[in-house]
Peer 1: 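My structure is below; once you've seen it, I'll send some questions.
As the structure is a computational prediction, the values presented were derived from the model and not from experiment. So that the names make sense, note that chain A is the first sequence line, chain B the second, and so on, each numbered from 1.
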2 protein chains.
Amino acid sequence: MKITTRGRYSLRLMIDLAQHYQEGYIALKDISSRQDISKKYLEQIVPFLIRSNLLNANKGHMGGYQLTKPPSQITVREILESAEGSLMPVSCMENTPNLCEKCGDCITLPIYQGLYEVIINYFDGITLEDIINRQVSGYDYSI
Amino acid sequence: MKITTRGRYSLRLMIDLAQHYQEGYIALKDISSRQDISKKYLEQIVPFLIRSNLLNANKGHMGGYQLTKPPSQITVREILESAEGSLMPVSCMENTPNLCEKCGDCITLPIYQGLYEVIINYFDGITLEDIINRQVSGYDYSI
DNA sequence: TGAAAACCTATCATTTTAGTAGTATAATAG
DNA sequence: CTATTATACTACTAAAATGATAGGTTTTCA
C-alpha cells in the first residue's frame with residue numbers, strides 16, 4: 001500500500017509546473033534542480049504524463065514542458081493514475097470484466113472496491129491549484 | 001498502491017476463522033484447503049497476526065488457531081496493518097517524529113496524511129462480523 | 001551550424017514478493 | 001511412553017518490481 005517513487009515524483013513535477021504555469025515551457029533541468037530529482041529519471045516519468053494528456057512537450061532550444069490545462073483543472077487522481085497505471089488496490093480489479101473466475105463469490109472483493117471508491121473520491125477532490133493555495137492557507141485535506 | 005498477497009491472504013485467513021468461530025481451534029490444514037492457499041505460506045503469515053494479538057495458537061494434536069476476540073471486535077484495519085506492517089502510503093510517515101529533514105516544508109506530505117486518514121477511517125469501519133453478515137445482506141461498503 | 005532540449009533504449013543493482021522445503025518442538029490420544 | 005498431529009522456526013530461491021544510470025538520437029531555434 002505504498003505510493004511508488006514514480007507516483008511521488010510525478011506529483012512533485014506537476015506541482016512544480018503548476019507553480020510556474022504561465023511562464024511558458026519549463027525545462028526538465030530546472031525542475032530537476034529545484035526538486036532535487038535526477039533529470040534522467042524525470043525523463044522516464046514524463047512520457048506517462050504526456051500519454052495521459054496532462055503535459056505538452058516542446059523540443060529544441062527554449063523547449064520544455066507545460067501543463068495542458070490550468071492547475072485548477074488537474075487532479076491528483078489524474079496524476080497518480082497516470083504514473084501508477086491504476087490506483088486499484090488489487091490487480092484482479094484492473095480487468096473489466098474481472099477475469100477471476102471466483103470474483104462473483106469473492107467475499108473480499110467488495111472490501112477492495114469500497115477502498116478504491118474512497119481513495120478515488122479523495123484524490124478527485126484535490127487539484128494542483130488546491131495544493132499551491134494550501135501553502136499559504138494551511139488548509140488540511142480530508143478533515 | 002497494491003495490497004500485497006500477505007495482506008490479502010491474512011484477511012481471508014481471518015475471515016475463515018471468523019466463519020468457524022466457536023468451533024475451537026482450527027488447523028491450518030483446513031484453512032489451507034478451504035481457501036486454496038499453500039499451508040506453508042500461511043505458516044509464515046500467521047506469526048504477524050499472533051504478534052498483533054489477533055490469534056491464539058495451540059500446538060499438538062487437535063491444535064490450531066483461534067481468534068482472540070469475537071469477529072465483531074476485529075477490524076480490517078487491525079488485520080491489514082498487522083500483515084502489511086503499516087498502511088501509511090509513504091515510508092517517511094512511518095517514523096514518529098518524521099525523520100525527513102524537509103518534512104516541515106513538504107508540500108506533498110499533507111496530501112499523503114489525508115489519504116492515510118481516509119484509508120484508516122474506511123478500514124476501521126469494517127469488522128469481520130460485517131464481512132460475514134454482508135454475504136447474506138449484500139450490503140455495500142463505503143456507500 | 002551549433003547549442004540546448006526532449007526522446008529513446010538499454011542496462012543494472014537492489015529490494016520485495018511469493019513461495020518451497022526441511023527440521024524442531026510441543027501436545028495429546030491410545 | 002510413543003506415535004501422531006499440529007505449530008514453530010529457519011533457510012533458501014526464483015521472479016518481478018523498483019529506482020536508478022548511461023549513452024546516443026532527433027528536433028528546434030538563435
Side-chain angles (χ1 to χ4, degrees), chain A residues 1-13 16-17 20 23-51 54-68 80 83-86 88-92 94, chain B residues 1-13 17 20 23-51 54-68 80 83-86 89-92 94:
Chain A
M1 282 296 284
K2 290 274 183 290
I3 295 177
T4 65
T5 307
R6 205 159 72 200
R8 289 183 284 112
Y9 285 3
S10 294
L11 187 52
R12 285 168 61 193
L13 179 144
D16 191 285
L17 282 171
H20 297 85
E23 292 179 27
Y25 286 89
I26 307 291
L28 224 44
K29 183 185 53 158
D30 299 332
I31 302 176
S32 163
S33 74
R34 273 195 297 260
Q35 297 295 325
D36 197 30
I37 303 173
S38 146
K39 185 190 147 209
K40 280 296 190 182
Y41 196 38
L42 285 178
E43 274 184 14
Q44 283 176 74
I45 288 176
V46 142
F48 293 94
L49 300 164
I50 291 179
R51 252 170 263 153
L54 298 176
L55 287 188
N56 284 324
N58 221 313
K59 280 186 165 189
H61 191 60
M62 295 299 280
Y65 300 95
Q66 199 178 35
L67 303 183
T68 56
L80 291 182
E84 305 261 324
S86 103
M88 299 188 178
V90 292
S91 46
C92 72
E94 266 152 13
Chain B
M1 280 295 284
K2 292 273 183 290
I3 295 177
T4 65
T5 308
R6 204 160 72 199
R8 289 182 284 114
Y9 285 4
S10 293
L11 186 54
R12 286 169 61 192
L13 179 144
L17 282 171
H20 298 86
E23 290 178 30
Y25 286 88
I26 308 291
L28 224 44
K29 181 185 52 157
D30 299 332
I31 302 176
S32 162
S33 73
R34 275 195 296 261
Q35 298 295 324
D36 196 31
I37 302 174
S38 146
K39 186 189 146 209
K40 281 293 189 183
Y41 195 38
L42 285 178
E43 273 183 16
Q44 283 176 71
I45 287 176
V46 141
F48 293 94
L49 299 164
I50 292 178
R51 251 170 263 154
L54 298 175
L55 287 188
N56 284 324
N58 222 313
K59 280 187 168 190
H61 192 61
M62 297 298 281
Y65 300 94
Q66 201 178 34
L67 303 182
T68 55
L80 291 182
E84 305 260 327
S86 105
V90 290
S91 47
C92 72
E94 266 152 14

Peer 1: Tell me the interatomic distance from B/L28, atom CG, to C/dT20, atom P, rounded to whole angstroms.
Peer 2: 14 Å
Peer 1: Would you kindly give the NZ-to-P distance between B/K2 and C/dT16, to the nearest whole Å?
Peer 2: 19 Å
Peer 1: Would you classify A/I50 as touching base, sugar-phosphate or nothing, given that sugar-phosphate means primed atoms plus P, OP1 and OP2, and contacts are heavy atoms under 4.0 Å?
Peer 2: sugar-phosphate
Peer 1: Does A/R6 or A/N58 map to a spot on DNA chain D nearer the 5' end, using the closest nucleotide for each?
Peer 2: A/R6
Peer 1: Using whole Å, what does the distance between atom P of nucleotide D/dA20 and atom CD1 of A/I37 come to?
Peer 2: 9 Å
Peer 1: Is B/Q44 side chain donor-acceptor paired with the C/dT17 base, going by distance under 3.5 Å alone?
Peer 2: no
Peer 1: How do A/E43 and A/G60 order along DNA chain C: which one's closest nucleotide is nearer the 5' end?
Peer 2: A/G60
Peer 1: For D/dG19, does OP1 or OP2 lie under 4.0 Å from any side-chain N or O of A/T5?
Peer 2: yes
Peer 1: Under 4.0 Å: is that the gap between some side-chain N or O of B/K59 and OP1 or OP2 of D/dT5?
Peer 2: no
Peer 1: The side chain of A/K40 is closest to which nucleotide in this list: D/dT7, C/dC7, D/dA8?
Peer 2: C/dC7
Peer 1: Any side-chain N or O of B/S38 under 4.0 Å from OP1/OP2 of C/dA18?
Peer 2: no
Peer 1: A/F48 CZ to D/dG19 P: how many Å, rounded?
Peer 2: 12 Å
Peer 1: Look at all strands and tell whether B/K39 reaches a base, only sugar-phosphate, or nothing, counting heavy atoms closer than 4.0 Å.
Peer 2: base
Peer 1: With nearest nucleotide decided by heavy atoms, which residue, A/M62 or B/I26, maps closer to the 5′ end of DNA chain D?
Peer 2: B/I26
Peer 1: Tell me: CZ of A/R8 to P of D/dT18, nearest whole Å?
Peer 2: 12 Å
Peer 1: Round to the nearest Å and state the distance from A/I31 atom CD1 to C/dA6 atom P.
Peer 2: 8 Å
Peer 1: Check this one for me: any side-chain N or O of B/Y25 less than 4.0 Å away from OP1 or OP2 of D/dT5?
Peer 2: no
Peer 1: Please tell me if B/T4 has a side-chain N or O lying less than 4.0 Å from either OP1 or OP2 of C/dT16.
Peer 2: no
